[in-house]
Each structure stands twice: as C-alpha cells, then as structure tokens.
Number of protein chains: 2
Amino acid sequence: MGRKRLQESADGRPTVHTVAARAGVSIASASRVLNGVGGSPETIRKVREAAAEVGYVPNAIGRSLQSQRTGLVALAVEDIGNPVYVEMMRAIESVVAASGRQLLVHATGGQIANETALLRRLAHRYVDGMIVSPIRVTDDHLAALVDSPVPVVVVGQLGADAPVDNVRTDSRTGVGLAVGHLVAAGRRRIGFVNGPLDTVPGAARDAGFRAALAAHGIDLDERLVEVGDFRYAAGRAATERLLARARPDALVCANDLIAVGALHALLAAGHRVPQDVALVGMDDTELARMMFPQLSSVSLGSAERGRRAAELLLQRIADPTLPPRREQVAPSLAVRASSATGPATGVTLPAPRTPEVTA
Amino acid sequence: MGRKRLQESADGRPTVHTVAARAGVSIASASRVLNGVGGSPETIRKVREAAAEVGYVPNAIGRSLQSQRTGLVALAVEDIGNPVYVEMMRAIESVVAASGRQLLVHATGGQIANETALLRRLAHRYVDGMIVSPIRVTDDHLAALVDSPVPVVVVGQLGADAPVDNVRTDSRTGVGLAVGHLVAAGRRRIGFVNGPLDTVPGAARDAGFRAALAAHGIDLDERLVEVGDFRYAAGRAATERLLARARPDALVCANDLIAVGALHALLAAGHRVPQDVALVGMDDTELARMMFPQLSSVSLGSAERGRRAAELLLQRIADPTLPPRREQVAPSLAVRASSATGPATGVTLPAPRTPEVTA
DNA sequence: CAGACTCCCGGAAACGTTTACAGCAGACAG
DNA sequence: CTGTCTGCTGTAAACGTTTCCGGGAGTCTG
C-alpha cells in the first residue's frame with residue numbers, strides 16, 4: 001500500500017479518518033456529522049456509532065490549525081499567591097467563560113525574562129489572546145507586547161504612548177486617600193511600607209505617598225519609610241526594621257500582604273492597632289477582612305479592572321483593527337477597624353517585649 | 001494565479017513560506033535554519049535576515065500538529081484562592097519548568113461539570129499532560145480521567161482500583177494528629193469545623209475526627225460539629241453557628257481558610273485563643289503563619305504532593321506505558337501559638353461583648 | 001414530463017509546520 | 001580522471017481537522 005495515509009494517529013488514537021472508514025463515509029461527511037452540521041439521518045447514525053465504538057475524540061490542535069483559534073485565553077500575573085490577582089482572575093474568568101472560552105493562568109514570578117518569554121512563546125498562537133499584569137516594564141518587554149502575534153491587554157501602568165490596550169488605576173491618588181484619612185484622624189507620624197521602587201506600582205505609590213504628605217503640610221521623616229517586596233514575609237521584616245528605628249502612629253502599606261506583615265510585626269512588638277498605630281493596606285482583598293482587627297484598605301478596583309480588561313480583550317479578538325484603548329478605574333478607601341479612630345475596637349496584648357504597654 | 005498557496009497566513013502574518021520566498025530558498029531550508037539544524041553559512045544568513053525583516057514568529061499550533069506535543073502542562077484545581085493550591089502550584093511549577101515546559105493553571109470552581117468538561121476539552125491535545133485535584137469524584141468523572149487522551153495525575157483520594165497515577169495523603173490520620181495534640185494538652189470539648197461532607201476530603205476528615213475522638217475515649221457531642229464549605233467566609237459563619245449553641249475548648253478546622261474564619265469568629269465573640277479555645281487548622285499554609293496568634297496546622301505535605309505529582313506526570317509523558325502508580329505523603333503537625341498550652345502567648349481582648357474577660 | 005431547486009456526498013485544498021527522501025555539487029582518495 | 005563520500009538543497013508527504021466545490025440524486029413546480 002506504499003505510503004498511503006494511515007487511519008490512526010501516530011499513537012494509535014482514532015482520527016476522523018478512522019471514524020469515516022468505519023462508518024463507510026468520507027472524512028468530509030464524518031467531520032460534518034461530528035460538528036453537527038448537515039448529514040442525512042442514516043449518515044449521522046453511522047458516524048455517531050462509529051465514533052462511539054472507537055472512542056473518537058477530536059484533536060484540538062488539528063482543529064485550531066484549521067480554524068485559527070483555540071478558544072483559550074491566558075492571564076499572566078506575577079504572583080498567584082497575592083489575593084489581589086485571585087480576585088482579578090475571578091472577574092476575568094467570569095467574562096471569559098461567558099464567551100465560551102477558557103481561562104488559563106500563568107505565574108511569571110516577576111521575572112522579566114520569564115514574562116517576555118511567555119509572550120514570545122505561549123502567545124505564539126496557543127491562545128487567542130492574553131491579559132498581562134507586569135510589575136516591571138522594560139523596553140524589550142514593551143516591544144514584545146506591541147508586536148505580539150495575539151491580542152494583549154495590559155493591566156497596570158504603561159508608558160503613556162504605548163499602543164496597547166490598557167486598564168489602569170491611579171494608585172498615587174489611592175495612597176493619597178489613605179494618607180488623607182489618617183491625617184483627618186489626627187495621625188501625624190505616618191509611615192509607609194512599600195514594595196520595590198524599581199517596579200511600576202512601587203514607584204507610583206512612593207510618589208503618591210510623598211505628594212500626599214506634602215499636600216497636608218507634613219514633613220516626611222525618611223526613617224518612617226521602608227521597602228521590601230510585595231509579599232507577606234518582606235512586609236513583616238520591613239516593618240520590624242522600621243519599628244526598630246522610628247515610632248509611627250500610622251502605617252500605610254503598599255498592598256494587603258504587606259499590611260498583614262505589618263500587623264503581625266506591630267502586634268508582636270506590643271503595639272495596639274489601631275490605638276497606638278493605625279494601619280491601612282492597599283488592594284482591599286479578602287485578606288483585609290480576614291484579619292483581626294479587620295484592615296482598612298485602599299481599593300484599586302482589581303475585580304473591576306479584571307472585568308474591563310477581559311472585555312477589552314474579547315472586543316479586540318473580535319476586531320483586531322480597533323485602535324488601542326485605555327481605561328481607568330478610580331480608587332476608593334474602605335475604612336475598617338485597623339484605622340478606626342475610637343479605641344474601643346482595638347486589640348491589646350498582655351505585655352510582651354516592649355516597655356511602653358498599657359498596664 | 002488560481003488557488004496557488006499564498007505566502008502569508010490568513011491574518012497577514014508571515015509564515016515560513018514568507019521567509020523562504022524572501023530569502024530565496026525552499027521552505028525546508030528555511031525551517032531547518034530557523035530550528036538551528038543544518039544549513040550553509042550563506043543560507044543561514046539569508047534566512048535569518050529575511051526572518052528578521054518580516055518579523056517572523058513561528059506558529060506554535062502548526063508546530064504542535066507536526067510534533068504531537070505542545071510543551072504545556074495544565075493544573076486544574078478547585079479554588080485558586082486557597083493558599084494550599086498556591087503552594088502546590090509552586091512546587092509543580094518548579095518541576096515542570098525544569099523540564100522545559102510551561103505550567104498553566106485552571107480553576108474549576110469545584111463544579112464537576114466544569115472539571116469534566118475541562119478534561120474532555122482542554123486535554124484534547126492542547127496540553128501534554130495534566131494534574132487534577134478534584135474534591136468531588138463521580139463515576140463519570142473517573143471515566144473521563146481514565147480514558148483521557150493525555151496523561152493525567154490525580155492529587156487526592158481516588159477509588160482504590162482506579163488505574164490512574166495518584167498522589168495522596170492520609171487526612172484521616174492528619175485529623176488524628178490534631179486531636180491527639182489537643183487531648184494531650186488537656187482539651188476535652190473539641191469541636192470540628194468541616195467542609196462539605198459530599199466532598200472527598202470533607203468525608204475523610206469527618207471520619208478521621210470521629211475515629212480520633214473514639215480512640216481517646218471521648219464521646220462526640222454533635223453540637224460541636226459544624227459544616228460549611230472550604231472557604232473563609234463559610235468557616236467563620238459555621239464557627240459562629242457552633243459557638244451560638246456550644247462551648248468548645250478547642251476547635252479543629254478542615255483547612256486553614258476555615259481556621260482563619262474560626263479565629264475571627266472566636267476573637268469577635270470574645271474568646272481568647274488559645275487560653276479559652278485552642279485552634280488547629282489543616283494544610284499548614286503560609287496563611288497559618290500570617291495570623292496572630294500563629295495557627296497550629298496539620299501539614300498534608302501539599303508542596304511535596306505537588307512535586308511528586310509533577311514527577312509522575314513527566315515520567316508518564318516520557319513513557320505512557322508505565323503501570324499506574326500511587327504515592328502517599330504522610331501528614332505531620334506544626335504546633336504554634338494558637339494551640340500552645342501556656343497562656344503567655346495568647347491574645348486578650350479588652351472587654352467586648354462577653355463577660356468572662358480578664359480585667 | 002421537463003426544468004429548477006434542494007440536499008447530501010466525496011474529493012481535494014487548506015491551515016503552518018517538520019522531516020524523509022532523493023538529487024546534486026563539491027571534495028577527496030585512489 | 002573516476003568513483004565515493006559528504007553536506008546541502010528542494011520536493012513532497014505528513015500531522016488532524018474544516019470547508020470549498022462540483023456532481024449526483026431526489027423533490028417540487030409549472
């Protein structure tokens with residue numbers, strides 16, 4: 001039989017050829033029946049039967065090659081352990097699922113190389129589009145975004161003129177909300193525990209903090225500013241360093257994970273929250289409500305940003321010629337016990353290491 | 001020109017044909033150069049140049065159709081907001097990445113239909129293999145697992161004779177560790193806040209709890225058992241219901257999210273932890289260490305299970321004929337402040353709603 | 001009863017890639 | 001100078017699917 005086409009795939013699984021041969025019809029008819037378009041009752045019966053007998057299951061790759069779409073959408077975030085991304089993911093998922101597609105998540109670990117590689121590899125047609133939330137953006141990175149072979153939507157700040165769909169918030173203003181709230185509550189020695197300054201959100205929040213203090217006529221004591229990364233352990237360690245050299249009456253944290261670390265450090269050092277030190281986080285994730293006392297937090301609308309990003313992406317997939325769009329979500333402040341003014345809701349410690357504890 | 005093959009893909013992006021034509025060589029030579037195998041210096045130069053000029057980027061789908069592999073591995077979990085899955089994912093990711101593949105995560109939301117659909121759709125060749133951690137297993141589900149077209153490894157309990165690679169732990173014994181520890185510390189009115197009983201882990205933990213109490217000769221007071229789901233809010237609500245009708249001196253929780261909910265409920269109700277009520281969670285996630293007081297927790301070796309599952313999967317991808325294997329990871333108990341015996345490490349509340357507070 | 005119309009079918013092309021195979025030129029040995 | 005070997009190249013098949021197109025059979029209309 002020479003090099004005649006075989007009827008099974010390389011690993012022995014049935015293909016549409018197997019089904020067609022078994023049903024005694026052409027592959028065209030088999031394919032039509034399997035896709036539910038056309039076919040006489042008799043043909044339908046024969047093909048269905050044959051497919052069931054051999055346990056046919058279509059090969060998505062073959063189908064995608066033909067149809068030029070996979071029905072998959074990817075979300076690439078830095079740290080999937082950060083609840084803010086979980087909330088964003090849930091919002092994206094619901095939009096994406098409603099369009100009949102599936103969402104896949106990839107954690108980049110904040111490695112630029114990693115993320116660029118993802119764009120350059122995964123995006124090469126395995127997915128119909130992707131949403132990326134980078135915390136560092138380099139020129140190389142940007143280039144990869146711009147000429148990505150599939151539609152990309154970026155969640156987060158991006159160079160002003162980048163021709164890429166973009167959903168952002170204003171975290172500078174967000175930090176301002178926190179500072180304003182604390183100042184109004186009579187706090188003056190306001191500290192700031194931030195993430196790395198070489199990240200986009202880190203830099204924006206630093207600028208926002210300084211601007212907000214200035215706007216309230218408060219001189220910034222640099223000893224009240226500390227930097228770690230955006231995770232819990234670093235937040236706790238950074239707060240411990242800060243407390244070792246300064247005595248804040250309030251702390252703003254660049255996200256909720258850091259705020260939880262700060263809360264832990266404060267309580268372990270014998271400070272009462274909020275009586276001695278008021279605490280405000282950012283992102284307003286479920287984590288903030290899981291703490292005791294519950295944490296005030298600046299909402300950056302992560303779910304909303306995710307939802308909008310997903311919508312932008314679906315629109316662009318439908319029509320790739322759309323001009324780049326940019327949307328903005330306004331921040332808001334959720335005040336909870338950790339920065340409430342009254343002392344009634346606070347937590348006290350018996351009397352651990354530090355001297356200045358109320359008897 | 002009739003129906004002659006075009007040199008661009010449908011959406012105008014360059015293909016290997018474009019590059020070949022531009023370089024004045026055959027597509028075979030172009031492909032060889034682009035893959036770094038063979039080619040004369042002159043050919044290499046021309047092809048590289050042409051590829052750069054047109055911005056060629058290979059179509060992964062086309063390549064996969066030919067090579068019968070995608071280099072992608074999927075992880076399907078129920079709730080990506082649960083830190084235990086984050087830890088598992090990290091472990092899997094590192095193994096998978098080391099093999100040069102990429103990990104994609106899919107959240108099923110615990111919907112069986114969802115999960116089965118994932119198996120039946122995504123698994124149809126988009127990925128080289130997948131790791132699934134189902135919390136409910138039906139026959140249909142099992143069938144989908146067994147004749148999945150790609151290798152599958154299951155993390156979690158599975159019917160004893162299911163011919164599927166499987167990494168499990170022994171959560172019954174795990175609950176026993178928690179109960180034993182609490183009994184040794186003198187606790188007797190030990191409560192249990194569990195997830196749904198129609199889930200595999202929920203059922204196993206319930207059985208483990210009852211068996212452990214019996215083993216210590218303690219009669220179970222059914223009012224001390226409450227059920228929600230595996231998330232924070234439900235854990236808190238369930239604990240509130242429990243506290244409204246009973247007075248435990250210790251609580252075992254079916255996972256750390258529930259334990260955090262229980263901690264919140266306990267503190268809000270004015271109970272001291274651990275003095276009044278000792279608390280033990282399960283999964284030993286980072287969340288347990290993020291609490292104040294830090295939570296004792298039964299480690300079910302989630303990272304280890306993830307690591308082993310990934311290794312099993314890679315082995316099976318390499319050799320699909322391997323017999324089904326089953327591995328087990330032993331639980332262990334991490335004792336922290338929330339169940340420490342001494343009162344020194346506990347947290348006290350000023351004097352909220354309940355009367356029995358230390359002045 | 002002829003013609004138009006509808007419906008179904010099979011052959012073949014197409015999606016973008018890799019690769020087996022054969023041909024060809026050049027280098028080298030005898 | 002001839003024969004063999006090496007290394008590169010191009011043609012074409014293959015991966016598994018969908019779909020265009022032409023042909024044939026059957027149905028309805030006039």
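Lettering follows sequence order; numbering is per chain, from 1.
- Take A:Asn59 and apply the side chain to side chain donor-acceptor pair (under 3.5 Å) test, not counting sequence neighbours, and it matches no residue.
- For B:Ser67 and B:Arg69, the side-chain atoms include no donor-acceptor pair closer than 3.5 Å.
- Regarding B:Leu34, its CG atom lies at a distance of 11 Å from the C1' atom of C:dT17, rounded to whole Å.
- Residues satisfying the side chain to side chain donor-acceptor pair (under 3.5 Å) criterion with B:Asp139, sequence neighbours excluded, are absent altogether.
- Residue B:Asn59 has no polar side-chain atom (N or O) positioned under 4.0 Å from OP1 or OP2 of C:dC15.
- Checked for salt-bridge contact, B:Lys46 and B:Glu49 miss the test: no charged N lies under 4.0 Å from a carboxylate O.
- Atoms CD (B:Gln68) and P (C:dG16) sit 18 Å apart, rounded to a whole Å.
- When distances run from any side-chain atom of A:Ser31 to the nucleotides D:dT19, D:dT11, C:dG10, the shortest one goes to D:dT19.
- Going from atom CD1 of A:Ile27 over to atom P of D:dC21 covers 17 Å, rounded to whole Å.
- With distances taken from any side-chain atom of A:Thr15 to the nucleotides C:dA12, D:dT17, C:dA20, the minimum falls on D:dT17.
- Whole-Å rounding puts the B:Ile44 CD1 to D:dG7 P distance at 14 Å.
- Judged by atom type and distance alone, B:Arg32 reaches the base of D:dG10 through a side-chain donor-acceptor pair under 3.5 Å.
- Atom OH of A:Tyr126 is separated from atom P of C:dC15 by 19 Å (rounded to the nearest Å).
- The CZ atom of A:Arg63 sits 5 Å away from the P atom of D:dT18 (whole-angstrom rounding).
- If you measure from atom CG of A:Leu65 to atom P of D:dT18, you get 11 Å, rounded to the nearest angstrom.
- For A:Gln66, the listed nucleotide lying nearest its side chain is D:dT17; candidates were D:dG10, D:dT17, C:dG16.
- Of the candidates D:dT17, C:dT17, C:dG11, C:dT17 carries the atom nearest the B:Tyr56 side chain, counting heavy atoms from C-beta on.
- The heavy-atom pair separating B:Val152 from B:Asp165 by the smallest distance is O-CB, 4.0 Å.
- The residue among B:Pro41 and B:Gly62 whose nearest nucleotide of DNA chain D lies closer to the 5′ end is B:Pro41.
- The phosphate of D:dG10 (OP1 or OP2) has a side-chain N or O of B:Ser29 nearer than 4.0 angstrom.
- With rounding to whole Å, A:Asn35 atom CG is found 12 Å from D:dG16 atom C1'.
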